[in-house]
Amino acid sequence: MADEQALRGGIDLGGTKIQTAIVGSGGDVVGQARHPTPTEGGPKDVAEAMAAALTEAAESADVKPSELVGVGVGSPGDTNEETGVVTNAGNLPDWSGSFPLGETLADSLGTHIRVGNDVDVATNAEFELGAGRPFKTVLGVFWGTGVGGGLILDGKRWLGRGAAGEIGHIVVVRGGARCPCGRKGCMEAYAGRGAMEAEARREHENGAKTKLFELMEEHGRDRLSSGIWERALDKDDPLAKKLIDRAYKALGAGVGSAVNLLDPEAIIFGGGMGTRFGEAGAERLAKNMHKHLFVDDRPPEIRVAELGDLGGAIGASLLFG
Ligand SMILES: [Zn+2]
């Protein structure tokens, strides 16, 4: 039986789902629950759903939330680890201002709360328990709706002044495509799944031939998920091939530039798209990155993230390490 005193909670707050886990001191998951993220209301409603999901995970581990050492949260947006305040979590309903997420959850769960950046805690989970274990300096690249980054430098999480690791907004084309962040030419404007879908819709409306949207409907989806992109590639869909090629080129330029700056031992390649394309995707990233490397005879290893869907929640629990 797990030592209840050593159990921690972790909450990964995503745009579509809230994944929670109860984690032992060795990183073992002893309980978990997943709830959809509310699409209406505001931060308060999201916080309520988070507390409910964490409580359910705790029940499945036979522990009360108040008995946990603490609960860590990986959140999108601008997260302040000191205060637990989250600002401008753009993908979440009505969350453009600041909200005291840590304080609110501490009240409802009756335990200590620490709030970190979602990609940063997922990178740390891979560093401590997953694909990054053999290394001291790693760069996490999480390719999903956007492209998130996390940094471990010489064994320590590197947050800068709180906003480090925003690799998706490295500029790969000056004055280029409009990024979901509002700026131009960011890596995410070409490689983010959200931006890729917007471009696919534009080109499809302008007459480009593609099965992407048929496949989406066939599989009952309302967006171009990583699985839909993969199926379209398997069918040699010309538009899917073109946009995926374009995404890898942008990833290669952006990640290559980050490598020139940091010289990490390894890159952890994760996120919905990164995990979906797995080893083959890691190879394509390596190839596209290589041409941008200033020192090109010892490129960093690219390892696919190992912890899957639970990585974010496990990483959040490690905020109580
Ligand atoms: Zn941007």
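As the structure lists them, so they are numbered: ligands from 1, and atoms in each ligand from 1.
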For residues 175-184, run the donor-acceptor check on the side chains, cut-off 3.5 Å, and write out each pair with its distance to 0.1 Å, sequence neighbours left out.
| from | atom 1 | to | atom 2 | distance (Å) |
| --- | --- | --- | --- | --- |
| Arg178 | NH1 | Gly182 | O | 2.6 |
| Arg183 | NH1 | Cys181 | O | 3.3 |

With a cut-off of 2.8 Å, strictly less than, protein N/O/S atoms near the Zn ion (ligand 1) add up to 4
Decide, yes or no, whether a salt bridge links Glu214 with Lys235 under the criterion of side-chain N to carboxylate O below 4.0 Å. no
Residues Lys211, Asp236: salt bridge by 4.0 Å N-O rule: no
Under 3.5 Å, sequence neighbours excluded: what are the donor-acceptor pairs made by side chains of residues 133-147?
| from | atom 1 | to | atom 2 | distance (Å) |
| --- | --- | --- | --- | --- |
| Arg133 | NE | Gly130 | O | 3.0 |
| Lys136 | NZ | Asp154 | OD1 | 3.3 |
| Thr137 | OG1 | Asp154 | N | 3.0 |
| Trp143 | NE1 | Ala191 | O | 2.5 |
| Thr145 | OG1 | Arg193 | NH2 | 2.9 |

Show every donor-acceptor pair shorter than 3.5 Å between a side-chain atom in residues 298-316 and any protein atom, with sequence neighbours excluded, or say none if there are none.
| from | atom 1 | to | atom 2 | distance (Å) |
| --- | --- | --- | --- | --- |
| Arg298 | NH1 | Asp263 | OD1 | 3.3 |
| Glu301 | OE1 | Arg303 | NE | 2.9 |
| Glu301 | OE1 | Arg303 | NH2 | 2.8 |
| Glu306 | OE1 | Ala131 | N | 3.4 |
| Asp309 | OD2 | Arg34 | NH2 | 2.8 |

Thr20 side-chain N/O to Ala33 backbone N/O, donor-acceptor pair under 3.5 Å: yes
